[in-house]
There are 2 protein chains.
Amino acid sequence: MAGNKPTTIKEIARKLKISPSTVSRALNDHPSIGLVTTMRVKKMAEEMAYEPNQTAIFFKQRKTFTIGVILPKLSEPFFSEAISAIETVAEDKKYTVLLGQSLDNENREAQIIQTFKKHRVDGILISMGKNTGDTDFEDILSKTEIPVVFFDCVPDLDNVHKVYSDLSSGMVEAIDAFVDRGHRKIALINGPEALLASKERSEAFLNALAKQGISAEESYIVHTDLTEQGNEEAMEKLCSLADRPSAVVSFNDFVTLDLIRYAKQRGIILNQDMFFISYANYPLWKYMDNPPMGSIEQYPDVQAQKAAEILFDCIDKKEHVATPQHVVFPSKLVLK
Amino acid sequence: MAGNKPTTIKEIARKLKISPSTVSRALNDHPSIGLVTTMRVKKMAEEMAYEPNQTAIFFKQRKTFTIGVILPKLSEPFFSEAISAIETVAEDKKYTVLLGQSLDNENREAQIIQTFKKHRVDGILISMGKNTGDTDFEDILSKTEIPVVFFDCVPDLDNVHKVYSDLSSGMVEAIDAFVDRGHRKIALINGPEALLASKERSEAFLNALAKQGISAEESYIVHTDLTEQGNEEAMEKLCSLADRPSAVVSFNDFVTLDLIRYAKQRGIILNQDMFFISYANYPLWKYMDNPPMGSIEQYPDVQAQKAAEILFDCIDKKEHVATPQHVVFPSKLVLK
DNA sequence: TTGTATGCGTTATCAA
DNA sequence: TTGATAACGCATACAA
């Protein structure tokens, strides 16, 4: 339970009756130090359970070997997949991840960034909260030298690194799949209007419909605040239309879960009266007896990994990251 | 994209033509510094976008305001719930979370602990990997002064702080529920034998059966390595028995998902030919048309939060943590 | 091959 | 009320 203060280089030096600098060099395999001394030092360090003090090393190297990761909510599958991938990349790079969840709260987000700055992280990965404006980061970014890479929920700015999913490719596949099966009355249950992700879905939806020569019905586009109640209300709106849609693209699988439940309550039979495709492709559908028609995979792990790699390229001052990197992964429809 | 090096106290001092110590004191609202000076300093600090250097502060305070959290895998719902709760507690305490995932690999686990030591975290929370022995941590713990709290997957040691779920209460409820519905042929699909969690399940299973006056059938206890294949093999064993069980308690919900799928393949009808209860109570069942009979909730968020609170009590040197804390949360059957 | 001296940013102690 | 100085642990330029 108890224990002693961490061993320092000085203590090792005193014990060995040599100078601290020799110990330091020996521990770092400096070529100028004799093999014998090096061995003696390493042995003693081992015995005394020496662990280098990273916070002290920072002074010299100007590096903490940490990156900060800011995510809206860790318990969401998308983000837990993402952080899992990021941590793996970081660990392989001998970096440690500092974690912060914004809970979609701008103040909390700003607070976390400040904390990360205090800790002098070598870089920051951010998936923006749903309420954060594009410009909220501009002064934060301009005043700092810390490399930042956005992913998934990214700002609509050109002068930043960002990695995100192209929602439109999956949307085209979804609409095509619906039309192939004879659907013409296709609706969109979108997220909050303020969200960039929602705007993109709207645009993609309209474009995909246009590509099929279907004119968009305004009442077929509804919004949800992503709460259970909001999801049900959105579904309610569609169901109470005189000309009810037969196919729905929804914001994500979680929304769809609620939609399906609500549909069942109203006596609407899934994959018969109404068909669903949503974004996310969470691994839960394969266990359901009657899953929705499909889901659009956005590859959180691939996105996150790529974002982490770009961040490390920034940290390592790789040539190509002098210009802002914009990496887009096409989303992909997976039929169930 | 670019930017300057972080502002230091010295720079503020130079600009204001006062001494660094005055700046330091002003920024920390030291009572001896005049109001005017304090205001001037704070204004300048603001202008120059000063952020205190935590790594430097560490020298004086012997604190990094960080805790390390080691989990097997972040993408597992149990652990993503846990880390979410931990991060929330930490953030409220003005602490930052350093993250490491062991991927159930002992070496990786040891590596992460070493890294955390280098970073001089103020405390460590661990949920042990499935392959880690109880004694593997003993020397690590004895050589350090860093407070450590185990949770969920904890070692069978008395002299450590630990928070875990009592599997037996939920098991008793499960067996009782089965027996109430007329089941006598009850099986257990357990995890790897080496796992403490498995031993506990075995014991709880046998005790709960005994409480109902049912003698345990040896062939009704099988093991899986928790892979999809292992799960199917375990189910296969039970299904090929002459006297097939009608009720199964399984290691966790993920295992049960595979069991149900396999059962369907073999033409076994869920909740008719065979009934399932497992541990975890993941939020996916409520969306299934035909969910298993029940699931045993283990409250990952509550466990994790309690573990975090104990850790902070240790860090704050609260009286009661002088003796090892063992907190047990009863698990609870939730019928579907 | 090894030792000495210095500085990283901050704060506590002592002095003014 | 403020300033000068030392110290935290380590790495390195310079000296020996």
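Chain letters run A, B, ... following the sequence lines, proteins first and then strands; every chain starts at 1. Predicted model only: the values in this text are computed from it and were never measured.
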What are the atom names and distances for every N/O pair under 3.5 Å that joins the protein to nucleotides 13-16 of chain D?
residue: dA13(D); atom: N6; partner: Arg25(A); partner atom: NH1; Å: 3.1

To the nearest angstrom, how far is [X] atom [atom1] from [N] atom [atom2]?
X: Gln54(A); N: dA11(D); atom1: CD; atom2: P; answer: 9 Å
X: Arg62(A); N: dA11(D); atom1: CZ; atom2: P; answer: 15 Å
X: Ile18(B); N: dA4(D); atom1: CD1; atom2: C1'; answer: 14 Å
X: Asn53(B); N: dG9(D); atom1: CG; atom2: P; answer: 16 Å
X: Lys5(A); N: dG9(D); atom1: NZ; atom2: P; answer: 8 Å
X: Ile57(B); N: dT11(C); atom1: CD1; atom2: P; answer: 5 Å
X: Arg14(A); N: dG3(C); atom1: CZ; atom2: P; answer: 15 Å
X: Ile12(A); N: dA11(D); atom1: CD1; atom2: P; answer: 11 Å

Would you say [X] and [Y] make side-chain contact, with heavy atoms under 4.5 Å?
X: Leu71(B); Y: Ile83(B); answer: yes
X: Thr55(A); Y: His119(B); answer: no
X: Val327(B); Y: Ile310(B); answer: yes

Locate the shortest heavy-atom distance separating Thr64(B) from Phe58(B); write the atom from each residue and the value.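 Scanning both residues completely, I find the closest heavy atoms to be CG2-CD1, 3.3 Å.
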
Estimate the overall bend of the helix from dT1(C)-dA16(D) to dA16(C)-dT1(D) from the end axes over five pairs each, rounded to 10 degrees.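 Here the helix ends are tilted 50° relative to one another.
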
Using side chain to side chain contact (heavy atoms under 4.5 Å, CB included) as the criterion, point out the one residue from Asp301(B), Leu311(B), Leu125(B) that pairs with Ile86(B).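 Of all the options given, the one that passes is Leu125(B).
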
Which residues share a side-chain hydrogen bond (donor to acceptor under 3.5 Å, both in side chains) with Ser80(B), sequence neighbours left out: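 If we apply the side-chain hydrogen bond (donor to acceptor under 3.5 Å, both in side chains) test to Ser80(B), skipping adjacent residues, there are no hits.
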
Considering only NZ, NE, NH1 and NH2 on the basic side and carboxylate oxygens on the acidic side, decide whether Lys93(A) and Asp316(A) come within less than 4.0 Å.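 Looking at Lys93(A) and Asp316(A), the cut-off is met.
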
Would you indicate whether [X], at its atom [atom1], is surrounded by more than 12 heavy atoms from other residues, nucleotides or ligands within a distance under 6.0 Å?
X: Lys306(B); atom1: NZ; result: no
X: Lys318(A); atom1: NZ; result: yes
X: Lys43(A); atom1: NZ; result: no

Output the single nucleotide from [options] whose closest atom is nearest the side chain of [X].
X: Thr22(A); options: dT2(C), dC10(D), dT2(D); value: dT2(C)
X: Tyr50(A); options: dC8(D), dC10(D), dT4(C); value: dC10(D)
X: Ser19(A); options: dT4(C), dA11(D), dG9(D); value: dT4(C)

Which part of the nucleic acid, if any, lies within reach of Pro20(A) when heavy atoms closer than 4.0 Å are counted: base, sugar-phosphate only, or nothing?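 Nothing, no nucleic acid heavy atom in range.
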
Contact class for Lys10(B) vs. all strands (heavy atom < 4.0 Å): base, sugar-phosphate, or nothing?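 It contacts base atoms.
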
Taking only N and O in the side chain of Ser24(B), is any of them less than 4.0 Å away from OP1 or OP2 of dT11(C)?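 Yes, because at least one side-chain N or O of Ser24(B) sits under 4.0 Å from OP1 or OP2 of dT11(C).
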
For Pro72(B), side-chain contact (heavy atoms from CB on, under 4.5 Å) partners two or more places apart: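 If we apply the side-chain contact (heavy atoms from CB on, under 4.5 Å) test to Pro72(B), skipping adjacent residues, the hits are Phe79(B), Ser102(B), Asp104(B), Ser127(B).
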
Which residues satisfy the side-chain contact (heavy atoms from CB on, under 4.5 Å) test with Ala90(B), sequence neighbours excluded?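 Partners of Ala90(B) by the side-chain contact (heavy atoms from CB on, under 4.5 Å) criterion, ordered by chain and then number, come out as Ile67(B), Tyr95(B), Val97(B), Phe312(B).
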
Identify, residue by residue, the members of residues 26-45 of chain B with a heavy atom below 4.0 Å from DNA chain C, and return them in order of residue number, or none.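 Those residues are Asn28(B).
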
